Amino acid sequence: MLEKRYDPHIVEEGKYDSWKSKGYFTAGDKSKEPFTIVIPPPNVTGKLHLGHAWDTTIQDIIARYKKAKGYDVLWLPGMDHAGIATQAKVMGKLVENGVDVTKISREEFLSYAWKWKDEYADNIHKQWARMGLALDYTRERFTLDSDLNYSVRTIFVDLYNKGLIYQGERIINWDPVQQTALSNIEVIHQDDEGAMYYFKYHVVDSNEYLIVATTRPETMFGDVCVVVNPKDEQYKKYHGKKVINPANGDILPIIEDDYVEIGFGTGAMKCTPAHDPNDFIIGKKYGFDMPIIFNKNATMNEKCGKYQGLDRYDCREQLVNDIKEKGDLVKIEKIVHQVGHSQRSNCVVEPMLSKQWFVKMKPLADASIKLQKTKEKVNFEPARFEHTFLQWMENCEDWCISRQLWWGHQIPAYYNKKTGEVLVSVNPPKDIENYIEESDVLDTWFSSGLWPFATLHWPEITDDYKRYFPTTCLVTGYDIIFFWVSRMIFQSLNATAKPPFKDVVIHGLVRDELGRKMSKSLGNGVDPIDVIDKYGVDALRYFLTTNSTPGQDMRFIDEKVESSANYLNKIWNSARYVLSVIPEEFKENDLEVKNLSPLDQWIINKLEKTIKDVTCNMEKYDFNAASGHLYNFVYDDFCSNYLEMSKVSLSSDNALKKETTIQVLLKCLKSIILMIYPYTPFIAEELYLNLPSHKESIMLERYPTYEKELINNKVNKEIELLFNIIKDIRNYKIENKIAPNARLDVLLNSKIKLFDDFDIYLSRFSFSNIRYTNESVVNQSGELKVYDDADVLIVNNTNKDELLAKLNKEKAFEQSEIERSSRMLNNPNFVSKAPKDKIELERQKLLTHQQNLQSILEKIKKI
RNA sequence: GGACACUUAGUUCAGCGGGAGAACGCUUCCUUCACACGGAAGAGGUCACAGGUUCGAUCCCUGUAGUGUCCACCA
């Protein structure tokens, strides 16, 4: 017997371990069609947040739903080593523990990092379990596993041999805190307060000078020339002349190039080829030296004279002061401009000339773009994210993939000690002693990009690979379309010649109550575990997956989780009722239509419609819409109406009637449990196991199916009428200040008795005594007349004005509806152009409104 | 500078070419045997603004304003 109140913690107890130990999460039933999802591997850097909870719950719903629909579902779990992020955290911890990190070796560091990984992986496992995720742990992967490393090396060598990976000296984004190169998308552009400094560049052997502006004066030590537009009249006289760099006295040529825009700034631009991507192009074009002026930690190097060793910002300040003293500072303008910050360390990134490994993007991007024009295309849900993806693909530049870190996949390149030649190979050369191994590791996203097939053992063509790849569906947030989704697509196309998945389901971000991003600095983060402790995991899951439209952000609102828990309590109690009316020895049978009362037929109709609507939206990954249909069925149709009315037939002496009612109740309940199950597996399992006949677990059940047109539609109208009469009587009581439980005499015309027990239902629901008569008590609106002889009405109605006002309001509404409807029907264009069913619908509406109006007029007359 | 999204009840959000919906909050009433984490009834919205398409627009199109996000090398 169920407790009176749904207690999530009791319900959740033990279920996950039981599912897991019985192997329900393990894929491999070859009799079924496969359905594959790979989890977006969380970083082993910390706790999972609400965003993970959302993301994984969506996947769990899909996995459980598809399994119930009869698929062999593989939901493959795993974690990401998260190069920079993890290395930074581990280093931080080591420093905290007093370890001198400048002295430790790569090997020592890695052993610490692996320990860290084990600890956090354990943590993540616990959270997954708490969330109830149906993950196939037998196939769990880690991005640094040795077989994944083999995939990574294979891909690297393949791309290298195809000429799609190259080593080159280019301007990259340098993170001076982590001391590694970054890719373009790891740089976040923020509005920062800064200044534009205007300096005099004196012309050699002349009293004249040019004014050159810069936001980064410290880079002047790397200047090689000043550039002006050849057509710029004001600078024509300086063509071929030279100027003096006010920072260090270097003589710089004046170069003419139409890259410089006339009228922008001063029209004269300083050129620092080693520290600016545009200047780099110009420097290359004219064959200038490219002096690098920073050390790796962004202090000034030996090229900066007396400023050597200073931090870049200290240098800037001192340099500007020094130039000012010489009288060569024209002005300083405060500005707000976009400055690149490192995604991980948040420090200001320094563009720097550096030798790194790159992926040549154009051919890979083109292949991805081409794919989207074919039938094999990746289907984005919602579709607009395909544009986001394509746009990025069309414009992306070469991808810097080398990182000066230890934690990651080491690049499989070897430098010959004698010749310096580079050997790129999956396995180390046999004469390894003659080589120096590349110390750089790969960008984390390089290995993440192989996730859908590397986790299935590619390049080995295993049974799993053959069966589960390409995967079916990928769920992730729109914030990592560029980082991850796009890279999986082009990596997969290159490696396997297939797209990695059929569908990509994109969701938004979880925000706080005020719509702000959750962040550590704001301290507004919500720990999913706290929410689970408070309301239970099912309530959290239900909240997360039913409160936003696909692709849209969502606010976390505590009250909504609470209301989700209340909904589950409602289902719980409806189950409690149904179970309480089932006799000891009871056999579940298929329903026989001929035994069904009109009410039974009505609820079965509603149920069929609900299953259809829910299934349809589940297939579209629209879990909000799907849950809405179920919610309405549970509250309005099942609990408020059928369940209450079942009490009538259950109290009758007719055994068949009773039996049938129980069968119907049970069918509804079971369907509800099965439909809520993917959202809230714990409570669903608990209720399911309390059903009179059940399998070992709800995880072995099949999703409910619907049959079209099980029963004719006529009964629906009769039942609607019954509800309307009940509503009328309730309203009558309220309007007349009669207590809701006061027994009112209600007189009905005999012909209204639409089916057996009609009056009993009515009586029970309206707390009234129902009598029938053949006299003309029928008002013009229809079939009902409350026995409101004038005395009763007036005596009980304490506020006639209020009642009249209300009725007049209703009257006005009906009149306006009638007018609207008539106007439509009298419009020849509408009648000739609108679809037939719409016209018929409108006729029906007009009729209804006319009847309503009559009824209201009658009531008004009596006041 | 580009791209995308959003603007609907007090709040948070759904929705839709043909009578504006939910949750929470609010008002009134009810402990009646599944549930007071409940029930019944109700108040509350020129669906941002302006044009256009259409027999008909909250919905489709164009533009405007506001908000937000992403992308972009402009000294």
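Below, chain A is the first sequence line, B the second, and so on; all start at residue 1. Nothing here was measured: the structure is a model prediction, and the numbers come from that model. Scope of the values below: all heavy atoms of this structure, side chains included, with no hydrogens, waters or symmetry mates.
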Kindly say if A:Arg555 contacts the phosphate of B:U12, meaning a side-chain N or O under 4.0 Å from OP1 or OP2.
yes

Checking only heavy atoms, does the side chain of A:Asn827 share a donor-acceptor pair with the base of B:C55 at less than 3.5 Å?
no

Taking the P atom in each of B:A50 and B:C4, what is the distance between them to the nearest angstrom?
25 Å

By nearest atom, which of the nucleotides B:A14, B:C74, B:A34 is closest to the A:Phe264 side chain?
B:C74

Re B:A14: Watson-Crick or G-U wobble partner, both distances kept under 3.5 Å, found to be none

Complement of B:U31, any strand, by Watson-Crick or G-U distances under 3.5 angstrom
none

Without hydrogens or angle criteria, can the side chains of A:Lys658 and A:Ser651 be said to hold a donor-acceptor pair below 3.5 Å?
no

Verify whether one side chain among A:Thr272 and A:Asp223 offers a donor that lies under 3.5 Å from an acceptor in the other.
yes

Residue pair A:Ser649 / A:Thr661, side-chain donor-acceptor N/O under 3.5 Å
yes

Could you tell me whether the side chains of A:Thr546 and A:Tyr631 share a donor-acceptor contact shorter than 3.5 Å?
no

Nucleotide paired to B:C70 in any strand shown, Watson-Crick or G-U, under 3.5 Å
B:G2

Hey, does A:Glu644 reach any base, or is it just sugar-phosphate, or nothing, if we go heavy atoms under 4.0 Å?
base

Same-atom distance (C1') from B:A22 to B:C16, integer angstrom:
15 Å

Euclidean distance for C1', B:A40 against B:G45 (whole angstrom)
24 Å

Minimum-distance nucleotide to A:Glu559 side chain [options: B:C24, B:C73, B:G39]:
B:C24

N or O in side chain of A:Arg820 less than 4.0 angstrom from B:G19 OP1/OP2:
yes

Roughly how far apart, to the nearest Å, are B:G44 and B:G21 at atom C1'?
13 Å

If we take the P atom in both B:G1 and B:U58, what is their distance in whole Å?
33 Å

If you look at every strand shown and take non-hydrogen atoms under 4.0 Å, does A:Tyr631 touch a base, only sugar-phosphate, or nothing?
sugar-phosphate

Can you tell me, in whole Å, how much space there is between the C1' of B:A75 and that of B:U69?
28 Å

Which value, in whole Å, describes the distance between the C1' atoms of nucleotides B:C47 and B:U8?
4 Å

Confirm from the modelled atom types if A:Lys560 and B:C24 form a donor-acceptor pair under 3.5 Å, side chain to base only.
no

